[in-house]
2 protein chains.
Amino acid sequence: MTEADIALRPPTVGEHEAYCAVERQLAILLRRARTFSAGMGRKVHPELDPGAYGLLVRIDQSSPMRSSDLAAYLRVGRATISRQLKVLEELGLISRSPDPEDGRAHLLALTAEGRRRLDDARSAREGQLRTLLAAWPEEDVRLLGRMLERFNMLTEGMHP
Amino acid sequence: MTEADIALRPPTVGEHEAYCAVERQLAILLRRARTFSAGMGRKVHPELDPGAYGLLVRIDQSSPMRSSDLAAYLRVGRATISRQLKVLEELGLISRSPDPEDGRAHLLALTAEGRRRLDDARSAREGQLRTLLAAWPEEDVRLLGRMLERFNMLTEGMHP
DNA sequence: CCATTTGGTTGCCCGAAGCAACGATCAGAT
DNA sequence: ATCTGATCGTTGCTTCGGGCAACCAAATGG
């Protein structure tokens, strides 16, 4: 039975409850997403706007990369990425050098300053997360991380 | 040791990795949140804008309620809620009746049409989720739901 | 009876994202 | 070798969600 078939087969009662719970909790989380990530970002570095953080993380772990790869990874248009990268370059956090193998593309990389700011932001966010998750045993924190990672992987192969 | 103390105590290497993983995956999910929830919402009911769904869910499970409660629950200002509720009322999905116990407040409730649309949207979203999670055993789906619920509960007690 | 607080609405602004159009470049077919 | 189509990135325009501040109406407390 293929995955598509599984999706078409009518759900059992237990499955229905399980999916419904995920759907409900995901709706809450995504609805609060703006406020939440704004709150994480604002306290960290005022000049580093909340959205920029996600870009720096990805550039850090996959540089050198092109901006269209970044757009695909974050599921947003190239226009959005282009504008945000311009700001980051003006702040001196990233560098855009022409791709030697493709005259159209630019290669992105963190500058030394960019890496420093990213590390600062990351540890500050980790601190906020530690405060939030203070009551959880380490094993549960690890489990949450794994489940989120698995879920995020599911949305990897989507191209709008 | 209080929770605040735990948050202040320097993390062990294992804790650091665990928090770092959550932080990274959460950043990805929140960065994709707009596109993702837009994708969930667009296919469901074109006239029912993505943001409205979260409101209807909450009104459904806690009606009758006041709009400021809704704002607090979703961590957004009363202004935002007010505007979105106006649209929902014009579409005939909710009713705003004056609170008999407080002349300033309005009580929110789903209309019959609102409930019908909500059920449609919910089952459509559940279907999309089933497609996405088709490869997961039911037990993992259930676990994801529980972990998200626990995480969301942590952010309950926050009022900006 | 007046002052302060609270619930809700509206005006104005901002940031993020999509769409469309454009210039530049690459790649494949003739 | 050139022409055609596809791709990379940028910019202008628009939309939408949300915050802030001002405001009104109603409640609460002295």
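Naming: A, B, ... by sequence-line order, numbering from 1 per chain.
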Rounded interatomic separation in angstrom, taking CZ from B:Arg78 and P from C:dT9: 10 Å
Gap separating the CG atom of B:Leu148 from the CD atom of A:Glu23, nearest 0.5 angstrom: 11.5 Å
Nucleotide C:dG18, atom C1' - distance to CZ of A:Arg75 in whole Å: 16 Å
Separation between CD of B:Glu17 and CD of A:Glu126, rounded to the nearest 0.5 Å: 10.5 Å
Short N-O contact, A:Glu89 and A:Lys86, less than 4.0 angstrom: no
base_contact_polar (C:dG7 base, B:Arg66 side chain, donor-acceptor, <3.5 Å): no
Ion pair B:Arg146/B:Glu149, N-O distance below 4.0 Å: no
Heavy-atom side-chain contact between B:Met147 and A:Leu143 under 4.5 Å: yes
Whole-Å distance separating the CG atom of B:Asp102 from the C1' atom of C:dT6: 8 Å
B:Arg24/A:Asp60 ion pair, N-O < 4.0 Å: no
Comparing B:Gly103 and A:Asp69 on DNA chain D - which has the more 5′ nearest nucleotide: A:Asp69
NZ or CZ of A:Arg32 within 45° of B:Tyr73 ring axis and under 6.0 Å: yes
Separation of atom CG in B:Leu108 from atom P in C:dG7, rounded to whole Å: 14 Å
Sugar-phosphate only, base, or nothing, as touched by B:Ala105 at under 4.0 Å among non-hydrogen atoms: sugar-phosphate
side-chain N/O A:Arg34 vs C:dA17 OP1/OP2, d < 4.0 Å: no
Touch class at under 4.0 angstrom, heavy-atom based, for A:Gly77 against every strand present: sugar-phosphate
Rounded interatomic separation in angstrom, taking CD1 from A:Ile81 and P from C:dG15: 18 Å
Check ion pair B:Glu113-B:Arg117 (N to O, under 4.0 angstrom): yes
Of the listed nucleotides C:dT25, C:dT10, C:dG7, the one nearest the side chain of B:Ser68: C:dG7
Presence of A:Thr80 side-chain N/O under 4.0 Å of C:dG18 phosphate oxygens OP1/OP2: yes
Inter-axis angle, terminal five-pair segments of the helix from C:dC1-D:dG30 to C:dT30-D:dA1 [nearest 10°]: 10°
Per A:Gln84 side chain, nearest of listed nucleotides C:dA17, C:dC26, C:dG7: C:dA17
Atom pair distance, as rounded to whole Å: CG in B:Asp99 and P in C:dG7: 11 Å
Pairwise distance CG(B:Leu29) to CG(A:Leu30) - rounded to 0.5 angstrom: 6.0 Å
First-last contacting nucleotides on DNA chain D - partner chain B, under 4.0 angstrom, heavy atom: D:dG17 to D:dA27
Heavy-atom closest pair, residues B:Arg58 and B:Met65: O-SD, 4.0 Å
For nucleotides 2-4 of chain C, list the nitrogen or oxygen atoms of the protein found under 3.5 Å from its nitrogen or oxygen atoms, one pair per line.
none

Distance, rounded to the nearest Å, where B:Arg32 contributes CZ and C:dA17 contributes C1': 16 Å
Pairing of B:Asp120 and B:Arg116 as salt bridge, 4.0 angstrom limit: yes
Check: B:Arg83 side chain, C:dG11 base, donor-acceptor under 3.5 Å: yes
Crowding at CD, A:Glu101 (>12 non-hydrogen neighbours, <6.0 Å): no
Residue closer to the 5' end of DNA chain C, B:Arg96 versus B:Arg104 (nearest nucleotide): B:Arg104
Nearest-angstrom distance from the residue atom CZ of B:Phe36 to P of C:dA17: 16 Å
Single-linkage hydrophobic cluster, 4.5 Å side-chain cutoff, A:Leu93 and A:Leu107 together: no
